[in-house]
Structures are given as C-alpha cells and as structure tokens.
Amino acid sequence: MPNAYISGTGFFVPPKIVTNDDLSVYMNTTDSWIRERTGIIERRYVEKGVGPSDLAIPAANDALKAAGLSVKDIDFIIFATCTPDYYIPGSGCLLQEKMGFNEIGVLDIRVQCSGFVYGLSIADQYIKTGEFNNILLIGAEVQSTAMDLSDHGRDTAVIFGDGAGAAVISATSEKRGILSTHMHSEGKFLKELWVEAPASKQGRPRILPEHLDQGKQYLKMNGKEVFRHAILRFIEVINECLLANNLSIDDINMLIPHQANLRITQMIQKKLDLSDSQVFSNVHKYGNTTAASIPIALAEAINEGKIIKGDTVVFASFGSGFTWASSIMEW
Ligand code: UT7
C-alpha cells in the first residue's frame, strides 16, 4: 500500500497590507488592543474582483514546482474554502479551468478553519487505496469581504485576513508521510462563529434588505466561547494523534497549529510544554486566514528551513462548526 506525503508546498497572499492602524480609521480600535489580544500586526486584503481561486493559482504553481510536477500530473483537486468565489459552482471548478488541469475530479470542502486538515485526510485515503498518485490540496479564503468594518464588527474584523496555501500530496513506497488524521465536529455551537445570510432556508430571495441592515451577511463570532473551546480541543486532538502513533510531545519537531490568535498558540505551547522551536507562528503577518492558515504556515516554515526530511510534523486546527482536527506525518 503506498504512503501519502507532501511533495510540494506554496502560498500566496494579496499584496495589499492592512495594518491595525488602517483598521482604526473605520472602527474604534487601537494597534495596542489588537496586538495584545491577538498578536496580529497586519493582514492582507484582496482588491475587488479577486476570489479564492485567483489566490490559489500562484500558491498551486509554487507547490507544483516544488514537487517537480506540472498541471498534467495532477489527478484530483481538493479545494478547502468557506468563502467560495461563488456558491455555485465550487472554487475547484474555477481553478481547474484557470490553470488548465485535465478534466479531473474537483472537490470543494468546507469545514472552515479545519478544511486543510480534513483535506489531508481525504487525500490520504485516495493515495493509500491507489486511486490517485498526485492530489492538489488548496486552502484559500477571501474573508475580508465578510468583515463588518464598523464598531459592531470590531471584535471579529481585526482577526481575519485573505490568502491561499497549496500542497501536493503524492504517493510513495518509502516509509514516510501521513501517519494518521483525526477529525471532529460539534454542530451545537454553530452560532458561535457563523454567517447567517444569504441562506437557502431564509426563503426566496436568500437575503433581504432587512438582513443587510442587520448585518447578517457578516461573519459573527462569540470570541470568548471560541477561545475557550479552542484551547481544550487543540490540546485534545494533538494528544490524540500522538497517542494513536505511540509518540510523545518530545517527538514533535514542528507543530503547525491553525493560526487563529497568538494567545491561543502560546497557551497550547505552554500547556503541552513545547519549546519555541517546536511551534510555528506567522499570525502577526496575515491574521487568521481560516482554511489557508495551515498551508501558508507550512510553506513558510519549509522556505525558512524549519522542516526537514525525517521530521515529525503535526497540524492541528479548530474553528467554526465547531470543527477540529489533527494530522501527524513523518516528513
Ligand atoms: O479560527 C477560530 C477563530 N477565532 C478565534 O480563534 C478567536 C478566539 N477569540 C479571541 O481571539 C478573543 O476572544 C478576541 C481577540 C476576539 C477578543 O478578546 P477578548 O479578550 O475575549 O475580548 P472581549 O470580547 O471580552 O472584549 C473585551 C473588551 C470589550 O469591551 P468592554 O465590554 O470590556 O467595555 C469589547 O467591546 O474589548 C472590546 N473590544 C475591542 N476594543 C478595541 C472588542 N473588540 C475590540 C477591538 N478594539 N477590536
């Protein structure tokens, strides 16, 4: 049975930098409040007309190049996004067309901040069964257009940003790659982090002028509840993947947690007694890019030489749903 490993990574963030001071023009906030509570210094926003599939193109090109592959070598695309270019069709279809892939299968998945880790699990199954040899996994988001840039939305708007990360998952006969993935959800917390409209259950049309007036089109978050659950679930799911593989905290060479908030990452690090060199963080530069955050961080960690062959790498995510997941691999 082949193993599935990450043969190439890439990332892209839009060039427009939005600093904390830039946000304070629109809402009652300060650079020091945002830094202290989240560790975020700046994030990137797209220009009007740019969607996740556009951000995914340079990320995918870099991942293909790093893997030594071309678009013709890819057998399947998994596109993780909760901010698709359109609701119909999925962003995977747009990427297939824009990059000239063969008429291969494309699968859009949601699961919000956990999209990339869930996607790894899907790719792992297809590779291990021998169905596909090379799968392109994208995490890409345009969250900026779901932000309420007024005082009403300031607790959420300061956190999120736009970006894309890509990984090629390939088959290998070597003893390396994904060891296991672990996925969870708890839908009773759906309203703690959600966008209420447009929605099919609202009736026809799916969004009304009063919904817009009430700001139902914006991402809403109960930050304190999300924070509390995130700490618990991150720790649980990291321990779960270690236990499943008979490994311990000391065996982790690199933990790449979903980049939600520096305070969350620091708490996980402290509770698990991980050293600084075992944990990667870049939330200060990009904010929370939802499904894109782990593949962006992974690509940066690799570019910085922080992950090398043979390393034990752990990914862990938590987000809207709630959903949470982990994946552990031998690099
Ligand atoms: O992928 C998962 C995604 N989400 C997360 O991981 C987020 C998890 N949660 C958090 O990161 C934190 O809860 C936040 C950073 C969102 C908020 O931090 P907090 O320490 O929980 O603050 P808070 O919501 O309790 O608000 C404290 C105060 C409030 O004022 P009062 O009621 O004490 O007068 C807020 O109105 O800070 C106020 N506030 C702000 N002030 C300045 C809320 N947002 C802002 C802001 N600037 N942007």
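All values below come from the heavy atoms of this structure, side chains included, with hydrogens, waters and symmetry mates left out. Keep in mind it's a predicted model, so treat the numbers as computed, not measured. In listed order, ligands and their atoms are each counted from 1.
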Atom pairs and distances, side-chain donor-acceptor, residues 74-82, under 3.5 Å, sequence neighbours left out:
from, atom 1, to, atom 2, distance (Å)
Asp75, OD2, Asn133, N, 2.7
Asp75, OD2, Asn134, N, 2.9
Thr81, OG1, Thr83, N, 3.1
Thr81, OG1, Thr83, OG1, 3.4
Thr81, OG1, Ala140, O, 2.7
Thr81, OG1, Glu141, OE1, 3.2

Legend entry - Sub-4.0 Å heavy-atom environment of ligand 1, residues by chain: Asn28, Thr29, Trp33, Arg37, Thr38, Cys113, Arg154, Asp155, Val158, Ile159, Leu193, Met221, Gly223, Lys224, Val226, Phe227, His258, Ala260, Asn261, Arg263, Ile264, Asn288, Phe318
Inset, instruction - Please list, chain by chain and in numerical order, all residues satisfying ring-ring contact (aromatic ring centres under 6.0 Å, His included) with Phe227, sequence neighbours excluded. - result: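 Phe227: no ring-ring contact (aromatic ring centres under 6.0 Å, His included) contacts found.
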Legend entry - Note: Glu196-Lys191 ion pair, threshold 4.0 Å (strictly below):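 No.
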Legend entry - Ion pair check, Lys309 and Glu174, cut-off under 4.0 Å: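 Looking at Glu174 together with Lys309, the answer is yes, because their closest N to O distance falls below 4.0 Å.
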Can you give me every donor-acceptor pair (side chain of residues 99-117, partner residue at least two apart or in another chain, under 3.5 Å) with its distance?
from, atom 1, to, atom 2, distance (Å)
Asn102, ND2, Lys72, O, 3.4
Asp108, OD1, Ser91, N, 3.3
Asp108, OD1, Gly92, N, 2.7
Asp108, OD2, Ser91, N, 2.8
Gln112, NE2, Ser320, O, 2.9
Ser114, OG, Ser317, OG, 3.0
Ser114, OG, Thr323, O, 3.3
Ser114, OG, Thr323, OG1, 3.0

Inset, instruction - Flag the pair Gln143 / Leu219 as yes when at least one side-chain heavy-atom distance between them is below 4.5 Å, and no otherwise. - result: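 Yes, at least one pair of side-chain atoms sits under 4.5 Å.
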